[in-house]
Number of protein chains: 2
Amino acid sequence: MVTPMTTTSPQGRTELLRPDGSPVRVLVVDDEQSITELLSMALRYEGWQIRAAGDGHGALQTAREFRPDAVVLDMMLPDMDGLTVLGRLRRELPDVPVLFLTAKDAVEDRIAGLTAGGDDYVTKPFSLEEVVARLRGLIRRSGAADRRADSVLVVGDLMLDEDSHEVSRGGENIHLTATEFELLRFLMRNPRRVLSKAQILDRVWSYDFGGQANVVELYISYLRRKIDAGREPMIHTRRGAGYLIKPATS
Amino acid sequence: MVTPMTTTSPQGRTELLRPDGSPVRVLVVDDEQSITELLSMALRYEGWQIRAAGDGHGALQTAREFRPDAVVLDMMLPDMDGLTVLGRLRRELPDVPVLFLTAKDAVEDRIAGLTAGGDDYVTKPFSLEEVVARLRGLIRRSGAADRRADSVLVVGDLMLDEDSHEVSRGGENIHLTATEFELLRFLMRNPRRVLSKAQILDRVWSYDFGGQANVVELYISYLRRKIDAGREPMIHTRRGAGYLIKPATS
DNA sequence: TGGATTTCTCAGGGAAATCACAGATTGCCG
DNA sequence: CGGCAATCTGTGATTTCCCTGAGAAATCCA
């Protein structure tokens, strides 16, 4: 049975709001404008308020005035070392969580201690779903946001825990690879909505992915094997339009 | 997250209005005048206010002054790259959704990232129904429009969900192909109104469709088999004039 | 370092969708 | 009622889209 009698929230997902009901504020700091634009677009789409800065000084200045609830901070800035920015940021806004952007290789040594303070990082090139998910986690745990927002997505008897990365259907645990997990998360954050292959590529794969669009088909195929295997299918193809997920009992 | 369905307007057609009740404003940017004219006509018909521009500079200038709620932007402009226009546009109007027009083959490489922020695209040659539908989706989700407007069309016991692409009659699910879906959407957006074969061809098929006009008859026939099969017919022929859809009980 | 896992490309197969064509049917007119 | 035009629909060719196996390349992990 179709359920056109019901509507999802405007964006088909739970809003993350501050306790007073105002939107979450996020400051994005990166010297590449294409990156700040990409992130701003994606994060605005989450319903958050975004400001961007291109260097350390701009970041600190904007932070003072904007009072963000979270910061996305590139480790490589033209005028200032990422750690320096972090230090000064902490003096102004001690409790604001920071999501670091860092090159793939430069990770281990310098980031290690950083996440101890409740911060987190992603490596470039990242996927938007990953950044959004990490940010949501940070904001949720920092207490800036309404606690109602929790980390478990549920569609039918399918459950996905964004914190523990655990997935189960009908109580049975399912192991997914990182990419499979992100794809499923994206589908489950937009239940009953057709998502085009382009949309999926844009959100789930890294922004610099240059490969064939049929990876999406491939990973849908993998997911089906694990999620739908033998059971009533939840992942559906809309030929010429895209894919969607919905509870089996309909 | 689910809310009860609100009542539909008598004609089953929900107007898309801004919160203050004024009409939605859309900026159309394409260097081919035949395209901007085609689009302007179709979009005005939706009750929206339209402005057109033929190049990047004109687009930015018009955007500043016109403050559109959405932009239709060709990726190929004479003076400026589509991505450049997008970037500058974003600086002025951070929250305005953009619908990109792009050549069919140019998709893979250049589109990357475009749908990331909730934007969307259609490939040339497009059908007007598709452009209108995508634009409505963008505007609805951007929050510029009244949130009550939802994505479900209802005529009698026939329901069509533009988000999930699901169609049902009397609670029974019906599978439609992409073309059947667009045709039915067009009919349902104009209930009780006779639509000529020419109108249907112009709105549902691509603007460069060169085939036989009797595809319309063929697809009406397909639709009847699925929608009306056995039941009281809702799709009616007005010989010499066209077709119309209306609730069965009248 | 070497094996296991994951990611992705490539290509074949197959199913579905689209559409042309033509004969059947229907409605309208005198 | 006969004839004409408009419409309907069965058939099948063609195209498009999607699925998936096989294996190469990259990555992870012990």
Participant: Does a side-chain N or O of Thr179(B) approach OP1 or OP2 of dT18(C) to a distance below 4.0 Å, or not?
Facilitator: yes

Participant: When the nearest nucleotide of DNA chain D is assigned to Lys197(A) and to Arg225(A) on a heavy-atom basis, which residue is associated with the more 5' position?
Facilitator: Lys197(A)

Participant: Taking 5' to 3' order, which nucleotide of DNA chain D is first and which is last to have an atom within less than 4.0 Å of a heavy atom in chain A?
Facilitator: dT16(D) to dG21(D)

Participant: For residues Tyr219(A) and Trp205(A), establish whether the separation of their ring centroids is below 6.0 Å.
Facilitator: yes

Participant: Output yes when at least one side-chain N/O atom of Trp205(A) is less than 4.0 Å from OP1 or OP2 of dC8(C), else no.
Facilitator: yes

Participant: Using a strict cut-off of less than 4.0 Å between a Lys/Arg side-chain nitrogen and an Asp/Glu carboxylate oxygen, indicate whether Arg192(A) and Asp161(B) qualify as a salt bridge.
Facilitator: no

Participant: Are the side chain of Ser168(A) and the backbone N or O of Gly171(A) linked by a donor-acceptor pair below 3.5 Å?
Facilitator: no

Participant: Whole Å only: how far is the OH atom of Tyr222(A) from the P atom of dT9(C)?
Facilitator: 11 Å

Participant: Could you write nucleotides 21-30 of chain C as a row of B, S and -, 5' to 3', where a protein heavy atom under 4.0 Å of any base atom gives B, of only sugar-phosphate atoms gives S, and otherwise -?
Facilitator: BB---BBS--

Participant: What's the CD-P distance between Glu182(A) and dT6(C), to the nearest Å?
Facilitator: 15 Å

Participant: Rounded to whole Å, please give me the gap between CZ in Phe181(B) and P in dT18(C).
Facilitator: 13 Å

Participant: What is the distance, rounded to the nearest whole Å, between atom CD1 of Ile200(B) and atom P of dC19(C)?
Facilitator: 14 Å

Participant: Under a 4.0 Å N-O cut-off, is there an ion pair linking Glu232(A) with Arg169(A)?
Facilitator: no

Participant: Got a second to check how far Leu83(A)'s CG is from Met75(A)'s CE, nearest 0.5 Å?
Facilitator: 4.5 Å

Participant: For Asp208(B) and dT18(C), give me the distance from atom CG to atom C1', rounded to whole Å.
Facilitator: 15 Å

Participant: Check for a donor-acceptor pair, side chain of Asp119(B) on one end and backbone N or O of Val98(B) on the other, with a separation under 3.5 Å.
Facilitator: yes

Participant: From CD of Glu180(B) over to P of dA16(C), roughly how many Å is that when rounded to an integer?
Facilitator: 13 Å

Participant: Decide side-chain contact (heavy atoms from CB on, under 4.5 Å) for Val72(A) and Thr36(A); before the verdict, give the C-alpha distance in whole Å, the side-chain angles of both, and the deciding distance to 0.1 Å.
Facilitator: CA-CA 10 Å; Val72(A) 180; Thr36(A) 59; over 6 Å; no

Participant: Would you please indicate if the ring centroids of Tyr243(A) and His236(A) are separated by under 6.0 Å?
Facilitator: no

Participant: Go through the N and O atoms of the side chain of Tyr219(A) and the base of dC8(C), and report whether any donor-acceptor pair is under 3.5 Å.
Facilitator: no

Participant: Specify whether Tyr207(A) and Phe126(A) have parallel, tilted or perpendicular ring planes, treating 30° as the upper limit for parallel and 60° as the lower limit for perpendicular.
Facilitator: perpendicular

Participant: Students often get this wrong, so: under 4.0 angstrom with heavy atoms, is Tyr243(A) touching a base, only sugar-phosphate, or nothing?
Facilitator: sugar-phosphate

Participant: Give the rounded distance in Å between these two atoms: CZ of Phe209(A) and P of dT6(C).
Facilitator: 18 Å

